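Structure, as structure tokens:
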Number of protein chains: 2
Amino acid sequence: MSLQEELHLDKPLASVEHEALLNLYYTAAKLKKRASEFFGPYGLTDVQFQMIMLLHHQGGAKGLSQARLSELMQVNRANVTGLVDRLERDGLVRRTAAEDRRYNIIQLTDKAHRLLDKIEADYGREVKKVMGVLAKSELAALIRACGKLREQL
Amino acid sequence: MSLQEELHLDKPLASVEHEALLNLYYTAAKLKKRASEFFGPYGLTDVQFQMIMLLHHQGGAKGLSQARLSELMQVNRANVTGLVDRLERDGLVRRTAAEDRRYNIIQLTDKAHRLLDKIEADYGREVKKVMGVLAKSELAALIRACGKLREQL
DNA sequence: GGTATATAGTTTACATATAAACAAACTTTT
DNA sequence: AAAAGTTTGTTTATATGTAAACTATATACC
């Protein structure tokens, strides 16, 4: 369904370009809400899960610095401080000082590993269920288009 | 460029479906940041501009209720309260009581109309510049794909 | 060695987002 | 008409996001 129908807009959108932009926005927002519903029962937010995933798959046993997390999540350093604060409060990550004492090393706790084991397979199925309405060729086209857009931003 | 390269990920992503999902997220986030930079010099946030646009094009002279704005922006009613508060503080919208006294009628002020006149053409050009890296067929495919995704969420 | 510069993380102030509980006003049911 | 239910907007608590100013530490350069 078009956004115009979905939102019951009086007027059509100004251009195909604008329509595509708004489609990206609204769809990403709706996916994010679905993710919130999915992670809620596990006591996590979607962003917290993202950080845990990154620490597991990109950090391994060594962990990641907050600066690297900031880069991986494409968010402000200040934001990472708060995100790590809350995960630490909930006993899911540990902050330790690195040799270079400007850095914090962030590592997952056993509790986080156990939680991830419980969620990850289910998450993979959920992603395939949601994104599976698109054919492989459509998924590839979507990835290509998003890549092109990001490249010139 | 692929997300894996862009973020210098150690490992490839778990599935094409996951890759497509993350592409949507990261691209929408990056577009939002570009929008912030664009609107900053006008003293607006991207969300404030979106609300003003909706009030102008969908509300006309009559204005819109907060409930309708909530539906149009696909955000919580509580969030609309704050958004309208800040626009009202900045003299860009007016709250008036409707006949049905549960409703607030939100209308643009002259100041908002003047501001919109200054921004809108420039905004249209910016959107075409950014989204213009995609061919019309790619834009259409993107819109179709996003529509399909939203339909089953 | 000492100064300048860069980098990492934190703090503050603010905007945007949600859920849940609430009050006020309307509608439906009986 | 009274009770029950629905809708609208607000408040509160909390999470996530930014920019700017700050501290601490490390590196580069003279």
Side-chain angles (χ1 to χ4, degrees), chain A residues 25-26 28-52 63-90 92-106, chain B residues 25-26 28-52 63-90 92-106:
Chain A
Y25 271 156
Y26 279 93
K30 207 159 181 179
L31 284 166
K32 203 173 156 55
K33 276 170 202 162
R34 169 70 165 258
S36 290
E37 286 164 29
F38 176 81
F39 291 116
Y42 295 107
L44 290 179
T45 66
D46 56 328
V47 177
Q48 289 174 339
F49 178 75
Q50 195 204 353
M51 185 172 274
I52 290 173
L64 298 173
S65 72
Q66 293 184 197
R68 178 70 178 127
L69 283 169
S70 158
E71 188 195 6
L72 284 167
M73 302 179 76
Q74 303 268 288
V75 300
N76 200 292
R77 294 199 312 281
N79 193 15
V80 173
T81 296
L83 294 172
V84 171
D85 282 351
R86 287 184 289 275
L87 284 177
E88 200 177 28
R89 177 200 63 194
D90 297 345
L92 295 168
V93 304
R94 242 191 324 275
R95 264 188 177 102
T96 33
E99 200 181 336
D100 181 335
R101 285 166 53 219
R102 288 172 304 184
Y103 288 80
N104 289 338
I105 302 289
I106 312 300
Chain B
Y25 271 156
Y26 279 94
K30 208 158 180 179
L31 284 165
K32 201 173 157 58
K33 276 170 202 164
R34 169 69 163 258
S36 290
E37 286 164 28
F38 176 81
F39 291 116
Y42 295 107
L44 289 179
T45 66
D46 56 329
V47 176
Q48 289 173 340
F49 179 75
Q50 194 203 352
M51 186 173 272
I52 290 174
L64 298 172
S65 72
Q66 294 185 193
R68 178 74 177 124
L69 282 169
S70 158
E71 187 195 8
L72 284 168
M73 302 178 75
Q74 303 267 286
V75 299
N76 200 292
R77 295 199 312 279
N79 193 15
V80 173
T81 297
L83 293 171
V84 170
D85 282 350
R86 286 184 289 275
L87 284 176
E88 199 177 29
R89 176 201 65 192
D90 297 344
L92 295 169
V93 305
R94 244 191 322 276
R95 264 189 177 100
T96 34
E99 199 181 333
D100 180 335
R101 285 164 55 217
R102 288 172 305 183
Y103 288 79
N104 288 339
I105 301 290
I106 312 300

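The basis for the numbers below is simple: all heavy atoms, side chains too, and nothing from hydrogens, waters or symmetry mates. In what follows, chains carry the letters A, B, and so on, assigned in the order in which the sequence lines appear, proteins first and then strands, with residues in each chain numbered from 1. All figures in this text were calculated on a predicted structure; none of them were measured in a lab.
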Partners meeting side-chain hydrogen bond (donor to acceptor under 3.5 Å, both in side chains) with A/Tyr26 (sequence neighbours left out):
B/Gln50
Set of ring-ring contact (aromatic ring centres under 6.0 Å, His included) partners for A/Phe39, sequence neighbours left out
A/Phe49, A/Tyr123
Bend of the helix from C/dG1-D/dC30 to C/dT30-D/dA1 from end-axis comparison, five pairs per end, nearest 10°, comes to 10°
Going by side-chain hydrogen bond (donor to acceptor under 3.5 Å, both in side chains), name the residues that satisfy it together with B/Asn79, two or more places apart in sequence or in a different chain.
none
When you measure from every atom of DNA chain D, which of residues 28-52 of chain B have a heavy atom less than 4.0 Å away?
B/Lys33
Counterpart residues, side-chain hydrogen bond (donor to acceptor under 3.5 Å, both in side chains), relative to A/Asp90 (two or more places apart):
none
Residue pairs passing the side-chain hydrogen bond (donor to acceptor under 3.5 Å, both in side chains) test with at least one member in residues 32-43 of chain A, sequence neighbours excluded, are A/Lys32-A/Asp46, A/Arg34-A/Glu126, A/Tyr42-A/Asp122
Could you write out each protein N or O paired with an N or O of nucleotides 24-27 of chain C at a distance under 3.5 Å?
unit_1	atom_1	unit_2	atom_2	d
C/dA25	OP1	B/Arg101	NH2	2.9
C/dC26	OP1	B/Arg101	N	2.9

Salt bridge (Lys or Arg N to Asp or Glu O under 4.0 Å) pairs, two or more places apart, involving residues 70-79 of chain A
A/Arg68-A/Glu71
Of all residues at least two apart in sequence or in a different chain, which pass the side-chain contact (heavy atoms from CB on, under 4.5 Å) check with B/Ala98?
B/Tyr103, B/Ile105
What residues in residues 65-75 of chain B put a non-hydrogen atom under 4.0 Å from any atom of DNA chain C?
B/Gln74, B/Val75
By salt bridge (Lys or Arg N to Asp or Glu O under 4.0 Å) - contacts of A/Arg94 (at least two apart):
none
